[in-house]
Every structure is written in structure tokens, then in C-alpha cells.
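Since the structure comes first, as C-alpha cells, the remarks are kept for the end.
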Amino acid sequence: MISSSKGKISTIVSRMSFDSSKFRIFFLIDLFFFSVVFCDVLARAIHVILMIWGGIILINNYFIKGIYKRVCYYKILLLFIASCLFTILLHFKYNLLYNLLYIFTYLLCFFVFYGMSSEKGIKDIEEEMFKLFKLLVILVTIISFIGLVFTAIKIQMKAFNHYWLGIYENRLVGVYTNSNLLALFCVLSIIGTHILIDSDDFKKQSNKKRALMAYIFSIVINTVSLILSDSNGAFIFLLIYLIVILFYKLFSKQNEISIKIIVKNVSVILLAGFCLIAGSFKIRGICQDGIAVLINDMHKVEEPIHDNKIDIIDKSKDNSQDTENSVADSVEIGRVIGENNYDGSSGRVTLIKQSVVMFKKNPVIGIGIANIPDYGKIYIEGGLKFPNFHNGYITILVAWGLVGFAIFFTFAVTIAARFGKVLFKINDSQNTPFPKLFSFLVAYSVYSLVEITILSDITFTIFIFWAVLGYALSYVLNYEGKLE
């Protein structure tokens with residue numbers, strides 16, 4: 001009896017050890033909690049175990065069994081890895097182990113995440129994808145709601161001299177470690193909700209109205225949180241996603257595509273996109289002011305009158321004391337160009353200039369990604385403004401040089417062209433999540449111009465891209481098989 005139980009437990013553990021699907025979900029959820037206050041320390045400790053688990057899956061499932069050869073464009077990816085290793089060896093005196101850790105995470109991204117279709121079938125991958133997005137939507141919505149409650153009751157405090165809760169520097173941080181991360185998760189939750197509408201779980205709901213109301217509640221909570229976060233990058237991410245969805249909807253309804261139709265639809269998309277982006281930023285500013293007034297009125301705080309965020313004070317009266325108390329006690333949301341050293345780019349223009357200086361020092365092979373902060377101190381007086389360039393493409397260029405960038409660019413263009421060909425063969429009536437995944441990837445590519453993405457760090461922001469790329473590729477391979 002005991003030996004039988006031990007045998008069953010051993011079998012379960014063995015299956016779990018090599019189950020890449022469960023690993024991806026656990027790994028991404030753990031990385032998500034890196035960004036939640038009070039949870040980040042435990043999440044980082046668990047991450048060590050998960051990295052070992054990932055190594056076991058990578059070696060056993062992909063290299064020992066030879067599955068890596070089934071991964072699309074694996075030769076290009078391995079060539080990129082070889083190029084990176086060459087760069088690391090040339091700069092071995094600096095952060096050798098840290099650079100090698102990045103190489104390991106790249107292998108996880110390329111094979112265990114992007115290459116998931118080489119090991120799993122479309123049904124298993126689809127089930128995994130819907131499960132992951134459902135978990136993320138639930139977690140993000142709950143945590144965003146808690147953050148909004150903190151804001152409503154005007155909690156603005158520093159905990160354990162490390163975490164800032166509520167509103168920080170006129171931006172909602174809630175119970176996340178960073179406003180930009182809060183914004184990104186809200187966008188992912190909104191997109192995830194949109195994708196979940198295609199899930200079998202939603203279609204099989206006995207009470208679809210109730211399920212739809214839950215999705216709408218999630219979208220509202222995360223949209224409000226996104227607005228209060230005042231994150232330009234994440235806001236553009238969502239807007240680009242919506243524009244690409246519109247682009248697909250317009251073209252998918254055309255039985256025949258001509259030059260006239262292309263010009264007409266592209267013109268409509270450009271006009272709609274411009275109006276959407278310009279209008280959305282204006283509406284966001286109005287909402288920020290309105291919510292700030294609402295919160296202050298709830299707590300009976302007199303809100304200063306604003307004209308483009310500049311306080312207008314009646315100089316005929318001595319308002320110095322009242323103004324000081326009002327500013328100290330009132331909530332203000334949103335940053336203003338020219339105030340508190342905010343220039344609209346949050347230092348990204350400076351980072352681009354600094355990246356040019358560093359790129360010129362080692363343009364061909366780069367310096368290695370873990371060496372960027374150290375070389376910044378060597379080549380730039382005072383060092384880099386931030387430890388990272390906040391641009392996924394520039395980071396690859398500086399870290400791995402023209403050689404690494406060219407190899408990666410070849411992979412990106414090849415996979416993008418393949419996705420594009422399949423996209424326009426799919427009819428909108430097929431009700432597939434692939435166009436939404438494609439829109440996510442396009443929006444993420446734009447977002448990468450202003451944030452730490454693609455291969456720039458060991459965070460959720462990087463791995464979610466490779467996971468979605470893997471999900472999208474699985475649909476592409478499935479459709480290509482059907483079209484043949």
C-alpha cells in the first residue's frame with residue numbers, strides 16, 4: 001500500500017518535472033509577483049527553484065530528445081546565441097556569470113516559450129494560453145482594485161522604507177512596485193479579457209451574461225488604473241493594439257483586395273488611429289483631473305483650480321498657508337511637462353544619446369548585456385541615467401553589436417512575414433484568437449521603443465512576449481497545415 005502510494009507520487013513528480021506547460025504558467029505567475037509589494041522577496045526566492053526546473057525541461061525535453069530541431073528558425077536563434085557567447089568571451093573580465101545567466105534565459109525564451117509548438121499540440125497550447133490569461137486577468141483585476149481602494153481612501157504612504165503605496169509622484173502605483181508595471185499589467189489584463197472571449201470556457205458558460213459582466217468589470221477597473229498610472233508607453237501599447245484590430249477587421253471583410261481598397265482602408269486606419277491617440281490622451285487628462293477632484297471632494301479637501309495643471313491663485317489674498325495645506329492634503333494625478341524635471345520622455349532622450357556613445361565604442365560585437373551599467377561608468381561621465389536603455393532594440397544593438405542585432409533582426413522579419421501571410425488568409429468569422437495575438441505582438445513591438453523589453457532583462461515583460469509569440473506560432477503552424 002505504502003509502496004504503491006510512493007510509486008504514484010513518484011510518477012506525478014516525474015510528469016510535473018518535464019511538463020513544460022505547467023512550468024510556463026508557474027514561471028510567468030512567479031515573475032508577475034516580482035512587481036507586487038510584500039510578495040516580491042518570496043517570488044524571487046521561488047524563482048531560483050523555477051529556474052532549475054526550467055533548466056531540466058530545456059535540457060531533457062529539447063536538447064536530449066532533440067526537439068529543439070523542430071523549433072522554427074532554430075538555426076538563426078542558435079547563431080544569435082553563438083554570437084552572444086563570443087561577445088561575452090571577449091569581455092569575460094566583466095560580469096561573466098551574470099552574462100551567462102542571460103544566455104540561459106535566452107535559451108528558455110527561444111525554446112521553452114517560443115518553441116512550445118515543437119513539443120505540444122494546438123489544443124494543449126490553446127488550453128494553456130486561456131488558463132494563463134484567465135489567471136492574469138483575475139490577479140491583475142484584484143490587485144488593481146485594491147490599489148484603487150487605497151487611492152479612494154487617500155492612502156499615500158511608504159512601508160518598510162521600501163514600498164510606496166497608493167499615489168506616488170502624482171501617479172497611481174497602488175500595491176505594485178512601479179507605476180509603469182501597474183500600467184502594463186492593466187493593459188495585459190484588458191487584452192487578456194478580449195482574448196478570453198474566444199475561449200471554450202466562456203462559450204460553455206451557462207450564464208454568459210454573468211461572465212460578460214465579470215469581464216466588463218475587469219476592463220473598467222483596469223482601464224481606470226491605467227489612466228491613473230499616467231504611463232504613456234502602456235497607454236500607447238493599448239491604443240496600437242486597438243488600431244491593429246481595426247486594421248484586421250477592415251481587411252478581413254474584403255473578398256478581393258485591390259490597390260483602391262488598400263489605399264481607402266489604410267487612409268481610414270491612419271485617420272482613425274490619429275484621432276484615437278490624440279483624443280485618448282486628451283480624455284485621459286480630463287479623467288485624471290476629474291478623479292482627483294472626486295477623491296478630494298470625498299475627503300472635503302478644497303481642490304486648487306487648474307488651467308493646464310498650473311495653479312491659479314488669487315494674489316489679492318494671503319493664500320500661502322491655505323495653498324500649502326491644500327497641496328499637502330490634496331491628491332493630484334498626472335505629470336506635467338516642465339514640472340518636477342519632467343520633460344515628457346522621462347529621460348529616454350538622454351538614454352538614446354548615451355547609447356550612441358556606448359555603441360560607437362564596440363559597434364560590431366557589442367559589450368554584453370550585463371556589462372551595460374559598468375561600461376556606462378567608463379564611457380559616460382556620471383554613468384548612465386538609468387541602468388537600462390528603456391528600448392528593447394537599442395539594448396540588443398549596444399549589448400550584442402551589429403552582428404547580434406542583424407541576426408536577431410533577420411529572425412524578427414522572417415517570423416513577422418510568415419505571420420502576416422497567414423493573418424490575411426483567416427476570415428473574421430472563424431472566431432480565432434490569432435488576430436488578437438498578432439495585434440498584441442505588433443503593439444508590443446511599438447512599446448519596445450520606450451520600455452525594457454524583448455531580451456533586455458529577466459522579467460515578466462520579456463517572457464510574456466516570447467510566450468505570446470509561441471502561442472501565435474502554434475496557430476500559424478496549425479493553419480498552414482490546414483491550408484496545405
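Keep in mind the model is a prediction, meaning the values are calculated, not measured. The figures that follow rest on heavy atoms only: side chains count, while hydrogens, waters and symmetry mates do not.
Annotation for F409: atom CZ does not count as buried by contact number, only 12 or fewer foreign heavy atoms lying within 6.0 Å. Heavy-atom contacts from other residues, nucleotides or ligands closer than 6.0 Å to OH of Y98 number 12 or fewer.
You'll find the side chain of C72 reaches within 4.5 Å of the side chain of R418, heavy atoms only. At a threshold of 4.5 Å between non-hydrogen side-chain atoms, the residues M129 and L437 count as touching. Side-chain atoms of I81 and I103, non-hydrogen and from C-beta on, do get closer than 4.5 Å to each other. Side-chain atoms of P433 and Y475, non-hydrogen and from C-beta on, do get closer than 4.5 Å to each other. Side chains of W400 and I88 form a contact here, defined as non-hydrogen atoms less than 4.5 Å apart. When side chains are defined from C-beta on, N222 does not count as touching L226, because their heavy atoms never get closer than 4.5 Å.
The line from CG of N60 to CD1 of I67 is 8.5 Å long, rounded to the nearest 0.5 Å. Atom CG of L228 and atom OG1 of T223 lie 11.0 Å apart (nearest 0.5 Å). Distance check, rounded to the nearest 0.5 Å: CZ of F465 to OG1 of T453 gives 8.0 Å. Between atom OH of residue Y176 and atom CD1 of residue I143 there is a gap of 4.5 Å, rounded to the nearest 0.5 Å. In this structure, the separation between CG on L238 and CG on L184 is 11.0 Å, given to the nearest 0.5 Å. Distance check, rounded to the nearest 0.5 Å: OG of S448 to CD1 of I462 gives 8.5 Å.
With hydrogens and angles disregarded, no donor-acceptor distance shorter than 3.5 Å links the side chain of S83 to the backbone of L79. Checking side-chain atoms of S35 against main-chain N and O of T177 turns up no donor-acceptor pair under 3.5 Å. R24 places a side-chain N or O within donor-acceptor distance of the main-chain N or O of V112, the cut-off being under 3.5 Å. Judged by distance alone, the side chain of S280 and the main-chain N or O of I277 form no donor-acceptor pair under 3.5 Å.
By the ring pair (Phe, Tyr, Trp, His ring centres under 6.0 Å) test, F411 pairs with Y114, sequence neighbours left out.
Side-chain contact, N170 with D230: no donor N or O sits under 3.5 Å from an acceptor N or O. Side-chain atoms of Y163 and D40 include a donor-acceptor pair closer than 3.5 Å. Side-chain atoms of S20 and N61 include no donor-acceptor pair closer than 3.5 Å. Looking at D457 and N388, their side chains never bring a donor and an acceptor atom within 3.5 Å of each other.
The six-membered or imidazole ring of Y248 lies away from that of F438, with a centre-to-centre distance of 6.0 Å or more. Aromatic rings of F110 and W466 (six-membered ring for Trp) have centroids within the 6.0 Å cut-off, being under it.
Using the six-membered ring where Trp is involved, Y444 and F440 have ring planes that are parallel, under 30° apart on the 30 and 60° scheme. Classification of the F460-F32 ring pair by plane angle, with boundaries at 30° and 60°, yields perpendicular. Between W53 and F26, the ring-plane angle classifies as tilted under the 30° and 60° cut-offs. The aromatic rings of Y106 and Y102 sit perpendicular to each other, their planes meeting at more than 60°, with 30° as the lower class boundary. In this structure, F408 and F80 have tilted ring planes: the angle between them lies in the 30° to 60° band.
Salt bridge absent: E126 and K120 never bring a charged side-chain N and a carboxylate O closer than 4.0 Å.
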- Query: Would Y471 and F434 satisfy ring pair (Phe, Tyr, Trp, His ring centres under 6.0 Å), going step by step from the backbone distance to the final call?
  - Reply: CA-CA 8 Å; Y471 296 143; F434 175 70; over 10 Å; no

